[in-house]
Amino acid sequence: MTLKEIENEIKNCKTCRKDKKGLPVPGEGPSDAGAMFIGMAPGKKESETGRPFVGRAGKFLNEMLESIGINREDVYITSPVKYYPGDRNLRKEEIRHGAEHLKKQIEVLSPELVVLMGDVAAEAVFPEKDIKVTEDHGKTYRKEGTTYFVTFHPAAGMRFPKIRKMMKKDFQKIASLA
Ligand code: URA
C-alpha cells in the first residue's frame, strides 16, 4: 500500500466520519519523510481545509519545528482521529479505530522518528503502556526500528507557559534525534 492509498482509504472510511464534522484530515507530508508528528484530532480549521495543524495550535507547532531547524514541509503530520469531533472528549473506541489507519501510515512511511504529541497519540500507538505525557514526556520508546518520542500536545504548550517551557526542552531532544 502507498501513503496516498491509505489517505484515500481514510477519506472513504465511514467509521472515521461517524459522529464527526467537516472534511477528513488524513495527514500531509512527503512519502519519504524521516520524521512523523502525531497530534490528537483535527480542530475546526482543519475540518474546513482538510489539512492537519493549520489553526492556532498548528502555528505554534510550526514555530516549535522552526526553532529546531525543521521545516514543516519535510515531515509527515497527522492525528489518530481523522475528523473534527467537535467540542467533546474522544471515546476510547474512536482512538482505537483511528489507530488502525495510523499504524498503516507509520508502517508505510517507516520513519526513523515518530513524535507522539499528547496522551491521545501515545494511547493510539502504545495502548498497552498507559503513557502519561505529564510523567513520560521526553522519553523514547523503540518499536520495529522506529524511535518514538513523547511530548505535549501543541495546544497545551501554546496555552500554558509551564508546559511550553518543558515542551521547548523536549524539542531540543527531538533536534538531536531527527
Ligand atoms: N490538533 C490536532 O491534534 N490535530 C490537528 O490536526 C489540529 C489540531
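All ligand and atom numbering here is 1-based and tracks the order in the structure. All values derive from a computational prediction rather than experimental measurement.
- Nearest heavy atoms, Phe149 versus Leu177: CD1-CD1, 3.6 Å.
- For Asp19 and Arg88, the salt-bridge test fails: no basic side-chain N is under 4.0 Å from an acidic carboxylate O.
- When hydrogens are left out, the protein atom nearest atom 6 (O) of ligand 1 is Phe53 N, 3.0 Å; that is the closest non-hydrogen contact.
- Listed by chain and residue number, nothing satisfies the salt bridge (charged side-chain N to carboxylate O under 4.0 Å, His left out) test with Lys21 (two or more places apart in sequence, or in another chain).
- Below 4.0 Å from some heavy atom of Ser79 lie the following atoms of ligand 1, by number and element: 2 (C), 3 (O), 4 (N), 5 (C), 6 (O).
- Within the structure, side chain to side chain donor-acceptor pair (under 3.5 Å) pairs that include any residue of residues 106-131 comprise Asp130-Lys132 (at least two apart or interchain).
- With ligand atoms numbered from 1 in the order given, ligand 1 contributes 6 (O) to contacts under 4.0 Å with heavy atoms of Pro52.
- Between Phe152 and His137, the ring planes are tilted. Angles from 30° to 60° get that label.
- Of all atoms in ligand 1, numbered sequentially from 1 with element shown, those under 4.0 Å from a heavy atom of Gly39 are 3 (O).
- The side chain of His153, and not its backbone, has at least one atom closer than 4.0 Å to an atom of ligand 1 (non-hydrogen atoms only; side chain from C-beta on).
- A salt bridge links Arg72 to Glu28: one of the charged nitrogens lies within less than 4.0 Å of a carboxylate oxygen.
- The single protein non-hydrogen atom nearest to atom 3 (O) of ligand 1 is Met40 N, 2.6 Å, given as residue, atom name and distance.
- Counting the atoms of ligand 1 from 1 in the order shown, those under 4.0 Å from a heavy atom of Ala41 are 1 (N), 2 (C), 3 (O), 4 (N), 5 (C), 7 (C), 8 (C).
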